[in-house]
Amino acid sequence: MRDFAPGSKHLYSNTGYALLSLIVRKVAGLSLREFAAKELFAPLGMTGTVFRDHHTTPVPRRATAYEPLASGGFRTRLPGFDVVGDGGLFTTAEDLAKWNPTALDGALKTPGLSALMITPGRLASGDTLIYATGLYFDTYRGLPIVRHGGTYAGYRAEFAVVPSADMTITILCNIRTAEPYVLKNRIIDVYLGDRLATPTPAAAAAPLSVPRQPAGPSLLKVVGDLPGIYFSEELDVRWTILRGATGGIALQRLSLPPMALAARDTAGTRFTVIGAPPEVRFERDASGNVTGFILDTGDITGIQFVKLK
């Protein structure tokens with residue numbers, strides 16, 4: 001079974017990176033942990049970095065990861081997987097800063113590696129992707145950025161390079177609710193504020209309203225119990241449905257600006273993000289109470305969110 005014909009679309013895949021680690025073993029005769037330590041981390045001086053390919057292996061100076069409890073306090077949230085390639089990398093902020101794609105050619109004696117890492121992928125149609133070799137092309141307030149984030153149990157990470165400023169940002173957090181992507185933007189605000197475009201108003205700044213619908217149940221009435229906090233075990237995130245000033249709703253992911261939602265049916269069940277592909281389909285129990293929603297983003301479908309409160 002396949003989601004689409006190879007080359008017709010791009011879909012980020014953890015499985016793909018895990019398979020790459022097996023290819024390394026097949027070609028080099030070494031595990032990814034052994035190969036990376038010898039060929040990558042040692043030449044770069046990344047002495048505090050290791051792929052942990054068995055959950056019982058001790059990692060010196062490892063920070064324990066946590067998640068907050070609704071009742072107060074915390075509990076540990078540690079990964080128990082032995083799979084590497086898509087994750088399982090333990091490092092330090094100082095070490096990660098050395099993984100700058102603009103400086104790898106000389107350190108690793110591999111001419112062309114840097115260019116390869118920042119070459120955008122291309123589909124069979126000729127369309128260019130915003131994804132290169134393990135790096136995204138992004139912009140923040142008009143400033144081009146090369147970046148990638150990561151989540152692993154209670155750990156959160158963000159790596160970003162601002163080529164025009166010769167700046168590398170590495171953020172490693174050990175609590176599940178951390179928002180390193182947002183922290184990265186704040187760092188750029190502080191150091192490069194004079195180079196940035198004026199920020200656009202957040203979507204929530206303007207009153208949100210539900211578009212006019214065909215005759216049917218009052219949308220303003222059924223929207224009433226949609227706002228709340230929702231949790232996805234698959235993504236390990238909590239998102240919030242907010243109530244707008246005029247009865248509409250918006251979706252907020254972490255500390256990013258809220259995205260206004262437009263109703264697509266008269267039952268107040270299906271909503272889409274205004275100006276973007278994602279669709280949110282709310283679910284109710286036999287009594288009519290909202291229990292959660294299903295998120296479809298176009299390429300990825302069926303992500304379950306459960307309403308917490």
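For the pair Asp82/Asp53, no side-chain contact is recorded, criterion being any heavy-atom separation below 4.5 Å from C-beta on.
Panel note: side chain Arg25, backbone Gly29; no donor-acceptor pair is recorded below 3.5 Å. Listed for the Ser114 side chain is a donor-acceptor partner under 3.5 Å among the backbone atoms of Pro101. Checked by atom type and distance alone, the side chain of Ser8 never pairs as donor or acceptor with a backbone atom of Phe4 at under 3.5 Å. Of the possible polar contacts, one joining the Glu34 side chain to the Ser31 backbone as a donor-acceptor pair under 3.5 Å is found.
When only modelled atom types and interatomic distance are considered, Ser125 and Asp127 share a side-chain donor-acceptor pair under 3.5 Å. Checking Asp95 against Thr49 by side-chain atom types alone, a donor-acceptor pair falls below 3.5 Å. In summary, the side chains of Asp86 and Tyr152 do not present any donor paired with an acceptor at a separation below 3.5 Å, with no hydrogens or angles considered.
With rounding to the nearest 0.5 Å, the separation of OG1 in Thr170 from NZ in Lys98 is 11.5 Å.
With respect to Arg156 and Glu179, no salt bridge is recorded, no charged nitrogen being found less than 4.0 Å from a carboxylate O. Salt bridge status for Arg281 with Glu283: absent, with no side-chain N to carboxylate O gap under 4.0 Å. With salt bridges taken as basic N to acidic carboxylate O contacts below 4.0 Å, none links Lys307 and Asp225. Salt bridge annotation for Asp189-Arg141: present, with a cationic side-chain nitrogen under 4.0 angstrom from a carboxylate oxygen.
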| field | Met117 and Leu135: CA distance, side-chain angles, deciding distance, side chain to side chain contact (heavy atoms under 4.5 Å, CB included) verdict | value | CA-CA 7 Å; Met117 289 182 65; Leu135 293 168; 4.2 Å; yes
| Arg61 and Thr92: side chain to side chain contact (heavy atoms under 4.5 Å, CB included), yes or no, with the steps? | CA-CA 10 Å; Arg61 301 184 296 124; Thr92 67; 4.3 Å; yes
| query | How far apart are the C-alpha atoms of Gln304 and Glu233, what are their side-chain angles, what is the distance that settles it, and do they pass the side chain to side chain contact (heavy atoms under 4.5 Å, CB included) test? | reply | CA-CA 8 Å; Gln304 179 75 55; Glu233 183 175 0; over 6 Å; no
| query | Stepwise, does the side chain to side chain contact (heavy atoms under 4.5 Å, CB included) test hold for Leu261 with Thr272? | reply | CA-CA 5 Å; Leu261 299 178; Thr272 55; over 6 Å; no
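The two residues Ile188 and Ile145 come nearest to each other via the heavy atoms CD1-CD1, 3.6 Å. Closest approach of Leu295 to Pro278, counting heavy atoms only: CD1-CB, 4.2 Å. Summarising the geometry of Thr133 relative to Leu116, their closest heavy-atom pair is OG1-O, 3.1 Å, with the distance given to 0.1 Å. Here the closest non-hydrogen pair linking Ala18 and Ser21 is O-OG, 2.5 Å.
Across Phe231, Trp239, Tyr230, a single residue satisfies ring pair (Phe, Tyr, Trp, His ring centres under 6.0 Å) together with Phe305, and that is Trp239.
Atom CZ of Phe81 is surrounded by 12 or fewer heavy atoms from other residues, nucleotides or ligands within 6.0 Å.
Relative ring orientation between Tyr12 and Tyr17 is described as tilted, the plane-to-plane angle lying within the 30° to 60° band.
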